[in-house]
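Worth knowing before you read on, the calculation uses all heavy atoms, side chains too, and leaves out hydrogens, waters and symmetry mates. Quick caveat, the model's predicted, so the values are computed rather than measured.
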Amino acid sequence: MYFTSDHHFGAPTRELSLPREKKFLKWLQFIEKDAAALFIVGDLFDFWFEYKTVVPKGFVRILGKLAEMRDNGIEIFFFVGNHDLWMEDYFQTELNIPVYHEPKEFEFLGKKIFIGHGDGLGPGDFGYKRMKKVFTNPFSKWLFRWFHPDLGVKLAQYLSVKNKLISGEDDAKYLGEDNEWLILYTKRKIQTHPNDYFIFGHRHLPMTLNIENKTTYINLGDWIKYYTYGVMSWNGGFELMDFSKDSLSESYESKIQS
C-alpha cells in the first residue's frame with residue numbers, strides 16, 4: 001500500500017507545475033505493478049473547487065492515470081487537505097475514488113492505521129482553525145459559487161500562492177518532539193484511539209517517530225522538495241521512500257544516513 005501527500009499541483013504556475021506532475025505520473029506508473037491500494041493524503045492540488053458543472057482546468061494526465069489504476073482494481077482513497085478542501089463528489093462520481101474530509105481509521109494486515117491530512121489538528125493554530133470553519137461553511141461555498149469560474153478560480157489560485165504556496169525553509173525544520181503539534185496530537189489521540197500508525201501530510205517534512213514503543217508517527221513529506229512517499233508492505237512494516245531521481249526509489253531513512 002502506498003501513501004503520498006502535498007503535491008500542490010498548479011502552483012506556482014501551470015507551466016512550472018507541469019514537470020512535477022510528470023514526475024508524479026512516472027511514480028504512479030512505477031507503483032501500479034504491485035499496488036493494492038493508494039492513499040492520497042491531501043493537497044494534491046494547490047486549489048480545487050467544484051462548481052455544479054465545472055472543475056478546474058488541467059491535470060488530465062494525473063486524473064486519467066488515477067482512473068486507469070482504479071479501473072484495474074487498485075483501491076484509491078483521497079483525503080482533502082487545506083488547499084483542496086472544497087473537493088465534493090467529482091472523484092467519487094467520475095473516478096470511483098472515495099473522498100474523506102476528516103481523518104479516518106483503517107485496519108490492514110493486522111495493523112491499525114489513523115490517516116488524515118493533519119491541518120487544524122493538535123494544539124494552537126487558532127487563526128487557521130477559525131479560517132477553516134469559515135471556508136468550509138456551506139454559506140461561504142454558496143457565495144463563492146456566484147463568482148464566474150474564470151474569476152473565482154483565478155482569484156483563489158492567487159490567494160493560495162500568496163498565502164503560503166509551499167512550506168518555506170522555516171516550515172521545513174523539525175521543531176522537536178515537544179513542539180511538533182501533530183506529534184502532540186498523536187500522543188493525545190493514542191490514549192483513547194490506539195493505532196499502530198498515525199499517517200499525516202500537511203507538514204511537508206518527511207519524518208517518522210516511534211511514540212511510547214507502540215505507535216509510529218509518520219509525516220509523508222511532499223512532492224515539491226523531497227518527493228517522498230510511504231510504503232506499507234505485506235508484513236505490516238512501514239517505510240518512507242524517495243523518488244527524487246525518477247528511475248530510482250530508495251529508502252528515505254537510508255538516504256539520510258548516507
Side-chain angles (χ1 to χ4, degrees), residues 1-12 16-17 19-28 30-31 35 37-46 62 66 76-84 103 113-122 125 160 164-177 179-186 196-211 215-233 237-258:
M1 291 182 290
Y2 292 91
F3 302 79
T4 181
S5 74
D6 292 276
H7 313 80
H8 292 266
F9 292 137
L16 293 175
S17 173
R20 297 192 297 109
E21 293 177 34
K22 291 182 176 180
K23 183 187 289 285
F24 183 64
L25 182 61
K26 288 183 181 180
W27 179 73
L28 292 176
F30 173 78
I31 70 169
L38 168 63
F39 291 83
I40 301 173
V41 191
D43 287 353
L44 179 64
F45 310 111
D46 198 62
I62 293 171
L66 292 175
I76 302 178
F77 305 87
F78 189 99
F79 287 79
V80 303
N82 52 305
H83 281 254
D84 46 23
I113 309 172
F114 184 97
I115 304 173
H117 183 61
D119 61 306
L121 302 180
D125 204 9
S160 179
K164 202 171 187 181
L165 147 74
I166 299 169
S167 289
E169 291 298 321
D170 291 339
D171 297 312
K173 294 179 181 178
Y174 180 57
L175 302 177
E177 187 172 337
N179 295 307
E180 289 281 349
W181 41 271
L182 279 175
I183 294 176
L184 296 176
Y185 173 84
T186 299
D196 296 286
Y197 297 111
F198 279 75
I199 302 174
F200 299 105
H202 189 58
R203 188 68 178 77
H204 284 238
L205 183 64
M207 67 176 99
T208 61
L209 179 70
N210 185 264
I211 298 176
T215 295
T216 302
Y217 164 86
I218 297 150
N219 195 284
L220 296 168
D222 66 22
W223 279 73
I224 298 158
K225 178 179 180 181
Y226 296 103
Y227 299 95
T228 46
Y229 62 97
V231 184
M232 186 174 179
S233 57
F238 192 100
E239 190 173 16
L240 277 182
M241 306 291 286
D242 168 39
F243 198 71
S244 61
K245 298 178 182 178
D246 286 1
S247 61
L248 177 63
S249 184
E250 59 181 312
S251 165
Y252 183 77
E253 286 87 350
S254 64
K255 181 180 179 182
I256 293 297
Q257 292 170 3
S258 63

(message) Do Asp6 and Ile224 make a side-chain contact, defined as non-hydrogen atoms from C-beta onward lying under 4.5 Å apart?
(response) no
(request) Report yes if the side chains of Asp119 and Asp43 come closer than 4.5 Å at any heavy-atom pair, otherwise no. (result) no
(message) Is it the case that the side chain of Arg203 and the backbone of Gly118 share a donor-acceptor pair, with hydrogens and angles ignored and the cut-off at 3.5 Å?
(response) no
(message) Could you tell me if the side chain of Thr186 sits less than 4.5 Å from the side chain of Phe200, heavy atoms only?
(response) yes
(message) Do Lys26 and Phe243 make a side-chain contact, defined as non-hydrogen atoms from C-beta onward lying under 4.5 Å apart?
(response) yes
(request) Evaluate the side-chain proximity of His204 to Lys225: yes if any heavy-atom separation is below 4.5 Å, no if none is. (result) no
(request) Check whether any side-chain N or O of Arg20 sits under 3.5 Å from a backbone N or O of Ala11 as a donor-acceptor pair, and report yes or no. (result) yes
(message) For Asn210, give me all partners under side chain to side chain contact (heavy atoms under 4.5 Å, CB included), at least two apart in sequence or on another chain.
(response) Asn213, Thr216
(message) Using side-chain heavy atoms (C-beta onward) and a distance below 4.5 Å, is Phe238 in contact with Ile199?
(response) yes
(message) Do Val231 and Ile31 make a side-chain contact, defined as non-hydrogen atoms from C-beta onward lying under 4.5 Å apart?
(response) no
(request) Calculate, to the nearest 0.5 Å, the distance between atoms CG and NE2 belonging to Leu121 and His202 respectively. (result) 8.5 Å
(message) Under the rule for ring-ring contact (aromatic ring centres under 6.0 Å, His included), what residues qualify as partners of Phe77, not counting sequence neighbours?
(response) Phe39, Phe106
(request) Go through the structure and list residues passing side-chain hydrogen bond (donor to acceptor under 3.5 Å, both in side chains) with Tyr197, not counting sequence neighbours. (result) none
(request) For the pair Asp84 (side chain) and Leu44 (backbone), establish whether a donor and an acceptor sit closer than 3.5 Å, ignoring hydrogens and angles. (result) yes
(message) Is any side-chain heavy atom of Leu209 closer than 4.5 Å to one of Glu180?
(response) no
(request) With sequence neighbours excluded, tell me which residues meet ring-ring contact (aromatic ring centres under 6.0 Å, His included) with Phe24. (result) His7, Phe9, Trp27, Trp223
(message) Can you give me the closest heavy-atom contact between Leu66 and Leu28, atom names plus distance?
(response) CD2-CD1, 4.1 Å
(message) If you apply the rule side chain to side chain contact (heavy atoms under 4.5 Å, CB included), what do you find for Thr228 with Leu220, and how did you get there?
(response) CA-CA 6 Å; Thr228 46; Leu220 296 168; 5.7 Å; no
